[in-house]
Amino acid sequence: MVFPNQGARMNTVEVDGVRIEVLFSERKICARIEEMAQDIAAAKPRNLLVVPILKGSFIFAADLLRAFYRVGLLPEVDFMILASYREATVSSGRVEVLRDIETDVKGRDVLFVDDILESGRTLAYARDLLAARGARRVMTAVLLDKPGKRVADMEADFRGFECPDVFVVGYGMDMAHAFRELPFVGHVVERA
Ligand code: IMP
Ligand code: MG
């Protein structure tokens, strides 16, 4: 059950005994996604393949794709599952493909969709992989950008919001596979 917390200064909700501060509300995300779809359409992608990077991007991708329909973008969609392993030294993190796309990208424009751009390792790896396969143009759209944590040479072409350097959940993003269903993005401030 979600109980809006009326009195507090922070906009927090309690979900199953865990207090979560709302950072980006459902309404704010919804409005921003329409703007992002317009910006992406304005980039005039050709023969567009959208590749959501699972799992965290699934809700963002679902909403962004439906906004694409409203702005007249008619992409194909295929999925990739990537895992990034964070090791002791930040620079040694490596990325592994757990599920690859089944689509030939040669000569096509590709748009990766991800939830958060943090170190940039995941998206830099994905970009380089499809560029090496002959994609004409590789673009990236992320809901959240944490620029303070960047390690790789990677900037998103389209981003929803700049996000503070805190661990966030909701709108597809999880903490140990929980909280993905929240319609907003929040920060866990207190556990039960
Ligand atoms: P990076 O840019 O390679 O560091 O990877 C970013 C990925 O790490 C995102 O796609 C998320 O899956 C995950 N991630 C980073 N920060 C958070 C967070 O605050 N909450 C949930 N997942 C996160
Ligand atoms: Mg992810």
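Counting starts at 1 for both ligands and their atoms, following the listed order.
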Mark the output for Gly56 as yes if a heavy-atom distance to ligand 1 is under 4.0 Å, and as no if none is. no
Any idea which part of Ser119 is under 4.0 Å from ligand 1, heavy-atom wise: side chain, backbone, both or neither?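 Ser119 to ligand 1: contacts from backbone and side chain alike.
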Where's the contact between Asp115 and ligand 1, heavy-atom distance under 4.0 Å: side chain, backbone, both or neither? side chain
Which ligand 1 atoms are under 4.0 Å away from a heavy-atom of [X]?
X: Val166; result: 19 (O)
X: Thr122; result: 1 (P), 3 (O), 5 (O)
X: Asp114; result: 10 (O)
X: Gly120; result: 1 (P), 2 (O), 3 (O), 4 (O)
X: Lys146; result: 16 (N), 17 (C), 18 (C), 19 (O)

Salt-bridge test for Arg133 and Asp100: reply yes if a basic N is under 4.0 Å from a carboxylate O, no otherwise. yes
Can you pull out every salt bridge (charged side-chain N to carboxylate O under 4.0 Å, His left out) where at least one residue sits in residues 159-168? Sequence neighbours excluded, please.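 Non-adjacent pairs meeting salt bridge (charged side-chain N to carboxylate O under 4.0 Å, His left out): Asp145-Arg159, Arg159-Glu162.
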Please name the residue in the list [options] that meets the side chain to side chain contact (heavy atoms under 4.5 Å, CB included) test with [X].
X: Glu76; options: Val50, Leu49, Val51; result: Leu49
X: Ile29; options: Leu143, Asp63, Ile59; result: Leu143
X: Ile20; options: Val168, Val15, Asn11; result: Val15

Measure the shortest side-chain to side-chain distance between Phe68 and Leu111 over non-hydrogen atoms and say whether it is less than 4.5 angstrom. yes
State whether the shortest distance between N or O atoms of Glu118 and N or O atoms of ligand 1 falls below 3.5 angstrom. yes
Geometry only, no angles: is Val168 polar-contacting ligand 1 at N/O separations under 3.5 Å?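 Such a contact does occur with ligand 1.
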Using only atom types and a distance under 3.5 Å, with no angle test, would you say the side chain of Arg19 pairs donor to acceptor with the backbone of Glu14?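 Not confirmed, Arg19 side chain does not pair with Glu14 backbone.
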